[in-house]
Amino acid sequence: MGTAHCRSLEPLPMNGPDFGSTDDPDLVELEPQKKQEILENKDVVVQHVHFEGLGRTKDDLVAYEIAEVFRAKTLIDVMRKSHEAREKLLRMGIFRQVEVLIDTCEGEHSLPNGLDVTFEVTELRRVTGSYNTMVGNNEGSMVLGVKLPNLFGRAEKMTFQFSYGTKETSYGLSFFKPQVGNFERNFSLNLYKVTGQFPWSSLRETDRGISAEVNFPIWKTSHTLKWEGVWRELGCLARTASFAIREESGHTLKSSLSHTMVIDSRNASILPKRGALLKFNQELAGYTGGDVSFLKEYFELQINKQLAWDSVLSTSLWGGMLVPIGDKPSSIADRFYLGGPTSVRGFSMYSIGPQSEGDYLGGEAYWAGAVHLYTPLPFRPGRGGFGDLFRTHFFLNAGNLCNLNYGEGPKAHLQRLAECIRWSYGAGIVLCLGNIARLELNYCIPMGVQSGDRICDGVQFGAGIRFL
């Protein structure tokens, strides 16, 4: 890219003076020279906002993000709103560094209490690469990616990603486009191919698909509307696969519309200390094409409460139901699965519920609940540093997964879900890897074991992002 240059812009229509066109530190700096009395002045006016370092980024994109700076009326307010604007600029993923400088205004038309705010930015290169590892659902993977950030100057992004894991290999191409002035409103288009192995079902699945989704906030909720078309190829993972799995083998075409609503007030997504999460998802397949038809709904609820001595009490509840539409039974690829170190601990991975000759077939309805008590490590080793990443963990969890007869009423459905409840309890150590993943090493005692369930009585290791 060419050399950095300074750009000054007119402000958005509002009650305020004018605005203009910047590299990295975390704090807003105040130039200490010139009129020191400005520090004691209660009322100030932001006369100009400048950006230095803008290249391919369009003026209207950054203008919306710094609009609030012009509304600041005191020096402290200017500093706070400038810092908030800096965070918004960094969140867009198009700048490598953003630094903010505040100085008194100079020039023929400057006011005695006028201020100039300058954002010094460094744009990301046109092409960036990445290499990292990812942990999810008790498996690890290596991820290689190539990104084209800020493709057309308004925070658009094109990404190619290849992932190779212990059970899954995938590659995909995606395009992301946010709404100017409202980054939470965005559109994305994805092309992908995913090949996964599911040893608990002796199943191999290859998905080739396209999806389009729109994300938008409404009040304190965030929503996602998504259409997905996917060609699915199912096959046996081993010669010993059961007849039920062989029956599921073959090709299906799924076209579905889905809606997800999330309310999240937690202070962290991996190991929160306070706040709650509520998530609802509905998926309708078959009405936009394809040869599978169903209605699928599920929810997640989590509540966290901080107690004395830096302890946290956490409760979780999951549930879902799949209703086939028409005469065809549901596909094994669409059903729910339960069990393992990330859900009902003390049981093997997805090894609860209907099975045939040792191959687990999933279920059309399930629920799972858990109560956790997280405490600091005994005697607090490494307090204030590495030791704070570890927590002692006591848990009680339970759940059930089954198929329902939809000719029966809701009372019979609830009775079926209340029968043969699997549950377990235990204790262990939790390691929080930043806001990326979580590792657990637990000693589990499974109870309520039913015929056909596989258990993990004793030490069990779990890694992932989403835990019950």
Side-chain angles (χ1 to χ4, degrees), residues 134 136-137 141 143 145-148 151 156-165 167-179 185-198 201 203-216 222-237 245 247-262 279-300 320-337 361-364 466:
M134 188 169 62
N137 244 358
S141 58
V143 182
V146 177
K147 297 181 182 179
L148 281 68
L151 195 59
E156 304 89 351
K157 178 172 61 177
M158 184 82 77
T159 304
F160 174 79
Q161 187 166 285
F162 170 77
S163 173
Y164 180 80
K167 297 187 183 74
E168 185 176 284
T169 300
S170 67
Y171 56 84
L173 181 68
S174 66
F175 174 76
F176 172 83
K177 166 69 177 172
Q179 177 183 324
R185 294 179 181 269
N186 55 70
F187 167 80
S188 62
L189 183 67
N190 305 279
L191 293 168
Y192 61 88
K193 179 183 177 182
V194 182
T195 299
Q197 297 182 1
F198 310 101
S201 301
L203 185 72
R204 177 188 290 109
E205 179 178 352
T206 300
D207 292 351
R208 303 170 180 89
I210 180 173
S211 67
E213 63 181 65
V214 177
N215 297 283
F216 57 94
S222 60
H223 296 258
T224 301
L225 293 176
K226 180 178 180 180
W227 171 81
E228 182 178 38
V230 54
W231 168 26
R232 306 182 297 189
E233 181 183 357
L234 304 180
C236 297
L237 191 59
I245 296 299
E247 276 190 315
E248 295 277 357
S249 298
H251 299 264
T252 59
L253 183 63
K254 184 184 81 166
S255 176
S256 68
L257 295 170
S258 64
H259 168 254
T260 303
M261 185 199 76
V262 178
K279 180 178 180 179
F280 285 103
N281 179 274
Q282 305 90 32
E283 182 181 8
L284 178 64
Y287 281 83
T288 54
D291 56 7
V292 293
S293 299
F294 62 82
L295 175 64
K296 185 177 183 179
E297 303 209 19
Y298 66 85
F299 73 90
E300 296 180 25
M321 184 176 292
L322 171 70
V323 182
I325 299 174
D327 299 329
K328 294 180 66 174
S330 61
S331 168
I332 191 173
D334 298 315
R335 296 179 198 140
F336 299 105
Y337 293 83
L361 307 177
E364 295 177 346
R466 178 176 174 262

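All values derive from a computational prediction rather than experimental measurement.
Side-chain contact between S293 and K328: absent, with no pair of heavy atoms (C-beta onward) separated by less than 4.5 Å. Residues T260 and K226 have side chains not in contact (no heavy-atom distance under 4.5 Å, counting atoms from C-beta outward). Counting heavy atoms from C-beta outward, S249 and C236 have side chains that approach closer than 4.5 Å. A heavy-atom distance below 4.5 Å is found between the side chains of D334 and R232. The side-chain heavy atoms of R335 and F294, taken from C-beta on, include no pair separated by under 4.5 Å. Between E364 and P324, the closest side-chain pair of non-hydrogen atoms falls below 4.5 Å. Looking only at side-chain heavy atoms (C-beta outward), V230 and T252 stay at 4.5 Å or farther from each other.
When only modelled atom types and interatomic distance are considered, S256 and E283 share a side-chain donor-acceptor pair under 3.5 Å. No hydrogens or angles considered: a donor-acceptor pair under 3.5 Å links the side chains of S255 and T288.
By the neighbour-count criterion of 12 heavy atoms within 6.0 Å, atom OH of Y287 is sparsely surrounded, having that number or fewer from other residues, nucleotides or ligands. Within 6.0 Å of the CZ atom in F187, the count of heavy atoms belonging to other residues, nucleotides or ligands exceeds 12. For K147, the NZ atom counts as loosely surrounded, since its 6.0 Å shell holds 12 or fewer non-hydrogen atoms of other residues, nucleotides or ligands.
Remark: R208 pairs with E233 by the salt bridge (charged side-chain N to carboxylate O under 4.0 Å, His left out) rule, at least two apart or across chains. For F216, the ring pair (Phe, Tyr, Trp, His ring centres under 6.0 Å) partners at least two apart in sequence or on another chain are H223. Scanning for salt bridge (charged side-chain N to carboxylate O under 4.0 Å, His left out) contacts around E168 gives an empty result, with sequence neighbours left out. For L191, the side chain to side chain contact (heavy atoms under 4.5 Å, CB included) criterion is met by I210, not counting sequence neighbours. With sequence neighbours excluded, the residues satisfying side chain to side chain contact (heavy atoms under 4.5 Å, CB included) with S222 are V262. K177 is linked by a side chain to side chain donor-acceptor pair (under 3.5 Å) to E156, counting only residues two or more places apart in sequence or in another chain. Considering only residues two or more places apart in sequence or on other chains, Y337 meets the side chain to side chain donor-acceptor pair (under 3.5 Å) condition with none of them. With sequence neighbours left out, the side chain to side chain contact (heavy atoms under 4.5 Å, CB included) criterion links Q179 to N182, R185. By the ring pair (Phe, Tyr, Trp, His ring centres under 6.0 Å) test, F176 is found to be paired with F183, residues two or more places apart in sequence or in another chain being considered. Looking at residues two or more places apart in sequence or on another chain, you find a ring pair (Phe, Tyr, Trp, His ring centres under 6.0 Å) between F336 and Y366. Partners of E300 under the side chain to side chain donor-acceptor pair (under 3.5 Å) rule, at least two apart in sequence or in another chain, are R466. Residues forming a ring pair (Phe, Tyr, Trp, His ring centres under 6.0 Å) with W227 (at least two apart in sequence, or on another chain): none.
In terms of heavy atoms, P178 sits closest to N186 at CA-CB, 3.7 Å. Closest of all the heavy-atom pairs between E248 and I332 is OE1-N, 3.4 Å. Between L189 and A212, the closest heavy-atom pair is CD1-CB, 3.9 Å.
With values rounded to the nearest 0.5 angstrom, L257 atom CG is found 9.0 Å from L225 atom CG. Rounding to the nearest 0.5 angstrom, the gap separating the CG atom in L237 from the CZ atom in F198 is 9.5 Å. For the atom pair CG of L295 and CG of L284, the computed distance is 6.0 Å after rounding to the nearest 0.5 Å. Atoms CG and CE, on L173 and M158 in that order, are 5.5 Å from each other to the nearest 0.5 Å. Residue T195 holds its OG1 atom at 9.0 Å from CD of E205, rounded to the nearest 0.5 Å.
Checked against S163 for a side chain to side chain contact (heavy atoms under 4.5 Å, CB included), the options V194, T169, V143 give a single hit: V143.
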